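Keep in mind that this is a model prediction, so the values were computed, not measured. Both counts, for ligands and for their atoms, begin at 1 and track the order of listing.
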Amino acid sequence: MSSSTAQVDTVLLKVASRCNIDCTYCYVYNMGDEGWRGMPALMSDATVDALCQRLSELARAQSRKFAIVLHGGEPMMMGPRRLKKLLIALRGVLSSDYPIAIQSNGLLLTKEVLDVCDEADVSLSISIDGPEEVHDRFRVGKKGQGTHGQTRAGITLLKAHPSTERLFSGVLAVIDPGSSPAEVYAYLTSLGSPSIDFLYRDGNHSVLPYGKAAAQSVEYGRWLEVVLDRYLADPNPPKIRFLDDLIKLVLGGKGVKEGLGEMDYGILIVDTDGSITKNDTLKSTQPGGDRFEQAWSVYTHRFSEVVRSEEFARYHEIQRPTASKCCSCAELSVCGGGMPLHRWSQADGLNNPSVYCADQLHIIGSIRNRLRSEGLTA
Ligand code: SF4
């Protein structure tokens with residue numbers, strides 16, 4: 001897709017550059033990038049005003065509806081008063097056709113915050129990796145203490161809200177390949193969440209993801225295979241976007257989210273100072289890996305100007321893998337080469353297959369076997 005036809009799917013807002021906890025695996029704070037230190041702790045009112053102006057322009061400039069996701073740090077660090085102001089301002093320029101969601105660790109959720117989200121038609125996804133012993137291994141507070149109890153309390157509050165069906169969009173879980181996938185599946189489904197978003201750990205060919213002995217090993221693929229078995233046997237399963245997308249892609253359909261398949265997605269980030277950057281997961285490749293060379297900002301540039309630029313076109317193109325192994329891979333249309341951050345090596349940049357290549361082939365093979373045994377594919 002050329003820059004002239006690219007459109008924005010998601011604008012991810014870093015509304016708080018600090019977090020109230022200190023997950024040891026976090027790409028923002030604990031993978032070498034120190035950019036957050038120079039950022040305003042919270043997005044200011046002036047930046048919110050400039051941002052809303054740009055979002056309003058974008059909604060007029062492109063036909064595709066786009067989603068807004070509030071990220072941090074921890075978005076709830078804004079506090080209920082500022083959060084309300086922000087959400088009301090966003091809804092003031094974007095109708096309910098534009099989904100607005102918050103990704104939160106759940107610790108700072110209160111009834112007041114949930115009422116604010118309800119009023120602005122904003123959904124919440126909570127990050128929880130599994131039962132206490134799994135979650136508290138990495139998702140810890142500033143003194144290394146576990147956070148599971150507080151996260152669980154936040155989910156309980158969310159589920160108790162009268163508008164929970166609209167508010168609670170799902171949970172997000174980072175995979176620990178050393179955990180029991182059956183236990184994690186049973187625990188996360190017991191939360192009554194409408195969806196579970198499983199994520200691979202950050203990592204690349206120069207810094208292997210946690211739990212992978214080698215690029216060729218399949219710890220994550222085997223872990224996901226057990227989840228697939230539980231999922232397919234579950235009479236009342238939640239949505240699992242990762243598996244749903246793979247199944248749809250194997251059957252010839254389309255996925256809905258970046259990192260799988262060959263769809264292109266237009267993702268831009270706005271930092272707390274108003275700067276416009278690439279997908280911030282690229283911070284995990286090298287310090288500043290998420291920065292454009294051009295100093296784009298909501299104060300000085302329209303999103304449509306950024307999207308039309310040559311630099312955005314180059315950023316957009318990195319979604320497609322260039323490694324010869326990927327280009328000739330029989331599963332390219334399903335795998336898509338994975339997330340760019342997982343292709344990185346210091347020697348070859350992004351010109352590699354995903355560090356999860358073997359895991360991807362393992363889980364795709366498992367899905368093909370299951371579908372074949374059900375008579376759904378040849
Ligand atoms: S990462 Fe591996 S499975 Fe995915 S497209 Fe590339 S070669 Fe194929």
### Message
If we set the cut-off at 4.0 Å for heavy atoms, which region of Lys325 has an atom near ligand 1: side chain, backbone, both, or neither?
### Response
both

### Query
Among all protein non-hydrogen atoms, which one is nearest to atom 2 (Fe) of ligand 1, and what is the separation to 0.1 Å?
Cys357 SG, 2.4 Å

### Query
Taking the six-membered ring for Trp, are Tyr356 and Tyr200 ring centroids under 6.0 Å apart?
yes

### Message
Quick one, Val174 with Tyr210, criterion side chain to side chain contact (heavy atoms under 4.5 Å, CB included). Give me CA distance, side-chain angles, the key distance, then yes/no.
### Response
CA-CA 11 Å; Val174 177; Tyr210 166 85; over 6 Å; no

### Query
Is the distance between the ring centroids of His148 and Tyr187 under 6.0 Å?
yes

### Query
Tyr231 and Val226: same hydrophobic cluster, using ILVMFWY side-chain contacts below 4.5 Å?
no

### Query
What is the nearest protein non-hydrogen atom to atom 5 (S) of ligand 1, stated with its residue, atom name and distance?
Gly337 N, 3.6 Å

#### Entry: Selected option - heavy-atom contact closest to atom 6 (Fe) of ligand 1, from Ala358, Cys326, Gly336, Pro321
Cys326

## Note on the structure
re atom 8 (Fe) of ligand 1, the protein heavy-atom contact at minimum distance is Cys329 SG, 2.4 Å

### Message
Can you confirm whether Phe66 sits close enough to Leu55 that some side-chain heavy atom of one is under 4.5 Å from a side-chain heavy atom of the other?
### Response
yes

### Message
Within the 4.0 Å heavy-atom shell around Leu361, which atoms of ligand 1 are there?
### Response
3 (S)

#### Entry: Identified side-chain contact (heavy atoms from CB on, under 4.5 Å) counterpart of Val15 within the set Leu42, Thr47, Leu86, Leu51
Leu86

#### Entry: Joint hydrophobic cluster, Val69 plus Val306, side-chain heavy atoms closer than 4.5 Å
yes

### Query
Non-hydrogen atoms of Gly338 versus ligand 1: any pair closer than 4.0 Å?
no

### Query
At what distance is the nearest protein heavy atom to atom 1 (S) of ligand 1, and which residue and atom is it?
Ser354 N, 3.4 Å

### Summary
the protein heavy atom lying closest to atom 4 (Fe) of ligand 1 turns out to be Cys335 SG, 2.3 Å

